[in-house]
Amino acid sequence: MADHRTPLRDMRFQIYDVFDFESHFASLVGRELVDRALLDAILDGAGQFAERELWPINRTGDAQGCRLVDGQVQSPDGFKEAWQTFVASGWSGITGDPTYGGQGLPHSIGQFVEEVLSTANMAWTMYPGLSHGAMNALDAHGTDEQKQRFLAPLMRGELTGTMCLTEAHAGSDVGLLRTRATPNPDGSYAITGTKIFISAGDHDFVDNILHLVLARLPDAPPGTKGISLFIVPKRIIEADGSAGEPNGVECSALEEKMGIHGSATCVLNFEEATGYLIGEEHQGMRCMFTMMNAARLFVGIQGLGCAEAAYQQALEYARERLQMRSLSGPKNPDGPADPIIVHPDVRRMLLTQKALVEGGRALAYYTVQQADLAEFGADESIRQDADAMLDFLTPITKAFLTEAGFESVNHALQCFGGHGFITETGVEQLVRDSRITLIYEGSTQIQALDLLGRKVILTQGKALLTFLGSMQATAKACADALPEIAEPLRELADEWGELTLTIGASAQEDPDEVGAASVDYLMYSGYATLAYFWARMALVAHARLSAGDADPFFEGKVATARFFFARMLPRAEAHRRAALAGAESLLALDQAGF
Ligand SMILES: Cc1cc2nc3c(=O)[nH]c(=O)nc-3n(C[C@H](O)[C@H](O)[C@H](O)COP(=O)(O)OP(=O)(O)OC[C@H]3O[C@@H](n4cnc5c(N)ncnc54)[C@H](O)[C@@H]3O)c2cc1C
């Protein structure tokens with residue numbers, strides 16, 4: 001397998017040239033001190049850690065997997081040591097509140113680092129990823145005492161976190177969960193129940209783990225309105241912060257699974273474990289959503305990371321692998337055959353990967369810019385608008401980037417032919433690893449319902465309308481330089497609005513129309529957003545080329561934008577027609593007829 005390189009060139013192009021993160025950081029309140037030198041140092045440092053520490057244990061972690069020995073999970077060789085280096089280098093609390101020992105950097109920087117690490121080793125990055133989610137929930141909803149006691153050690157990397165929602169009978173429908181929380185006389189709670197599929201639920205990185213557990217109080221109403229959130233340490237935390245007695249939490253099994261073998265996926269039994277309420281009683285879903293929204297962006301980044309890693313391998317292979325001659329005559333006349341990169345359909349697969357990876361990166365960066373503005377924007381109206389845009393783009397980022405990521409890794413495998421199917425090249429691992437991203441943190445179906453139902457119809461398309469305005473403005477800006485992009489982008493902006501109105505009207509007649517249209521609507525939205533971001537990237541690159549910069553990187557940008565509009569955007573039309581086809585053909589068939 002070829003070496004892995006952190007995609008710093010494209011990251012920097014997008015960060016500085018397309019989205020102007022320097023001005024963006026300068027506009028934030030309380031996060032304005034990030035300059036280019038600092039950001040470059042962070043990106044370089046993360047890249048070195050990823051390439052030197054994480055990539056070498058990606059394959060071995062997959063082959064070894066985690067083991068459950070005497071009730072304790074042992075991670076694959078090198079995982080614990082990589083965690084120690086990660087913590088010692090100060091990565092564990094980079095976006096955390098400085099009051100509790102964090103470094104106070106904006107969310108976007110945390111996401112850039114997550115991207116770099118996930119691309120090199122998705123399974124390992126699950127552990128800090130879950131901790132990051134726990135930090136967000138505690139930061140937003142914990143008391144000051146809870147933050148001192150739990151958040152500060154999480155940021156120092158002395159503890160890791162988990163997110164315990166799923167039970168055997170409660171997956172997408174979290175409201176069905178049965179784990180109980182009974183008040184103790186001292187103000188704590190006794191937590192009893194079984195959670196399944198808990199990532200980083202047990203491991204050997206550190207002595208103690210903070211489980212964030214959803215459970216029901218005795219008087220709780222049914223459904224999601226009756227769920228509360230609790231902090232449940234694996235071992236009782238003593239007054240001096242050290243790990244004390246075991247706390248009624250047992251890892252009874254490790255799931256055997258298709259991919260991310262280095263990530264421990266645990267069955268956790270809670271038996272009268274001591275827990276502490278976070279936030280208000282029965283408000284657990286609200287608190288958990290703080291964690292889940294960040295986690296959704298993180299999972300989108302995982303899809304992107306797998307696709308980037310696979311694309312690098314496929315590109316290198318396609319340049320070297322000699323098979324058959326080009327249809328238009330030899331391109332490597334001195335060799336026995338031409339490299340497969342000359343064949344049009346291999347180029348289609350490579351360009352599809354490039355278009356999805358770099359376009360997806362742009363979507364992710366724009367979305368996280370909204371997350372920064374929603375919290376640290378200069379005034380209330382900036383914060384509110386950014387929050388609405390973040391809400392709107394989060395399900396698209398999560399679901400489209402994971403769907404696109406999985407498609408992309410499959411193209412990479414196909415570029416390798418039979419050599420991709422065998423384990424030696426490592427690409428099949430990326431196919432297996434990336435598959436879960438379409439399922440956890442709300443499957444594609446759940447994201448699609450969220451997008452169309454809550455984020456578009458319920459808000460009467462507020463953020464969508466703003467986004468359509470940006471598409472129109474970019475189409476105008478492209479009109480002279482890139483007319484072949486400008487016109488379809490303008491039409492797309494009109495069409496997306498009309499599609500939404502039509503589906504919204506039919507949903508008023510029959511709510512099943514939302515469920516019937518939702519995934520096609522989400523995929524349409526994904527292609528439409530990528531069209532907008534490809535136009536923006538092409539504009540910047542075109543300006544550089546016009547100014548005399550002959551860097552092939554910029555040629556690649558413009559060519560890929562043209563490829564996206566010519567060869568990939570037509571998929572949006574198929575999704576549009578399917579979304580408009582209505583629920584009838586889905587619901588007409590009686591169950592017995594399947
Ligand atoms: C490796 C791994 C790690 C995980 N990590 C965690 C973790 O750390 N913490 C945690 O709490 N959970 C975790 N999970 C659980 C994960 O979030 C759930 O698997 C996921 O939410 C789906 O739930 P389910 O598997 O029960 O599927 P179900 O909810 O039973 O869904 C089955 C299928 O039905 C579809 N579906 C369900 N409802 C609808 C609907 N209304 N409309 C359309 N389609 C629908 C789903 O999309 C899916 O395709 C993990 C799972 C795995 C496999």
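Treat the numbers as computed from the prediction; the structure is a model and nothing was measured. Both backbone and side-chain heavy atoms feed into the values below; hydrogens, waters and symmetry mates do not. Counting starts at 1 for both ligands and their atoms, following the listed order.
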Open item on the list: Among all the protein's non-hydrogen atoms, which is closest to atom 20 (C) of ligand 1, and how far away is it?
Closed with: Ile439 O, 3.9 Å
Task: Per-atom contact, atom 32 (C) of ligand 1, protein heavy atoms, under 4.0 angstrom - done: no
- [ ] Using distance alone, decide if ligand 1 has a nitrogen or oxygen within less than 3.5 Å of any nitrogen or oxygen in Lys257.
- [x] no
Task: Worked check of ring-ring contact (aromatic ring centres under 6.0 Å, His included) between Phe112 and Trp91 - done: CA-CA 12 Å; Phe112 300 148; Trp91 294 110; over 10 Å; no
TODO: Test salt bridge (Lys or Arg N to Asp or Glu O under 4.0 Å) on Glu158 and Arg156 and set out the steps.
DONE: CA-CA 6 Å; Glu158 294 162 10; Arg156 292 194 296 271; 2.7 Å; yes
TODO: Could you tell me the residue and atom name of the protein heavy atom closest to atom 15 (C) of ligand 1, and the distance to it rounded to 0.1 Å?
DONE: Thr166 OG1, 3.2 Å
Open item on the list: For atom 8 (O) of ligand 1, what's the nearest protein heavy-atom neighbour? Residue, atom name and distance, please.
Closed with: Ser199 N, 3.0 Å
Task: Pairing of Glu495 and Arg576 as salt bridge, 4.0 angstrom limit - done: yes
Open item on the list: Take a 6.0 Å sphere around CZ of Arg178 and say whether it holds more than 12 heavy atoms from other residues, nucleotides or ligands.
Closed with: no
Task: Within-shell test, Glu441 vs ligand 1, heavy atom, strictly < 4.0 Å - done: yes
Task: Side-chain ion pair, Arg432 and Asp62, N-O less than 4.0 Å - done: yes
Open item on the list: Side chain or backbone, does Met163 bring an N or O within less than 3.5 Å of an N or O on ligand 1?
Closed with: yes
Open item on the list: Quick test: of every protein heavy atom, which one is nearest to atom 19 (O) of ligand 1, and how far off is it to 0.1 Å?
Closed with: Phe197 CD1, 3.8 Å
Open item on the list: My understanding is that we take every heavy atom of each candidate and find the minimum distance to atom 41 (N) of ligand 1. Doing that for Leu177, Leu268, Leu449, Thr444, which one comes out nearest?
Closed with: Leu449
Open item on the list: Please tell me if atom 35 (C) of ligand 1 is touched by the protein, where touching means a protein heavy-atom distance below 4.0 Å.
Closed with: no
TODO: Just need the protein heavy atom nearest to atom 38 (N) of ligand 1, so name the residue and atom and give the distance.
DONE: Ile446 CD1, 4.0 Å
- [ ] Take atom CD of Gln414 as the centre, draw a 6.0 Å sphere, and report whether it contains more than 12 heavy atoms from other residues, nucleotides or ligands.
- [x] no
- [ ] Apply side chain to side chain donor-acceptor pair (under 3.5 Å) to the pair Ser75 and Lys80, showing each step before the final yes or no.
- [x] CA-CA 7 Å; Ser75 59; Lys80 179 177 175 177; over 6 Å; no
Task: Minimum-distance protein heavy atom relative to atom 16 (C) of ligand 1 - done: Tyr440 CB, 3.8 Å
Task: Cation-aromatic face contact Arg149/Tyr276, 6.0 Å, 45 degrees - done: yes
Task: Subset of ligand 1 atoms that lie under 4.0 Å from at least one heavy atom of Ser443 - done: 46 (C), 47 (O)
Task: Counterpart residues, salt bridge (charged side-chain N to carboxylate O under 4.0 Å, His left out), relative to Glu53 (two or more places apart) - done: none
Task: Side chain Arg435, main chain Gly259, donor-acceptor under 3.5 Å - done: no
Open item on the list: Please list the nearest protein heavy atom to atom 45 (C) of ligand 1 with its residue and the distance rounded to 0.1 Å.
Closed with: Gln445 CB, 4.2 Å
Open item on the list: Check this for me: Arg454, atom CZ, are more than 12 non-hydrogen atoms of other residues, nucleotides or ligands nearer than 6.0 Å?
Closed with: no
Open item on the list: Polar contacts were defined as any N/O atom of the residue lying under 3.5 Å from an N/O atom of the ligand; does this apply to Leu165 and ligand 1?
Closed with: yes
Open item on the list: Tell me whether atom 5 (N) of ligand 1 lies less than 4.0 Å from at least one protein heavy-atom position.
Closed with: yes
Open item on the list: Among all the protein's non-hydrogen atoms, which is closest to atom 52 (C) of ligand 1, and how far away is it?
Closed with: Ile436 CD1, 3.6 Å
Open item on the list: Can you check which of Gly201, Gly171, Ser172, Ala448 brings a heavy atom nearest to atom 29 (O) of ligand 1?
Closed with: Ser172
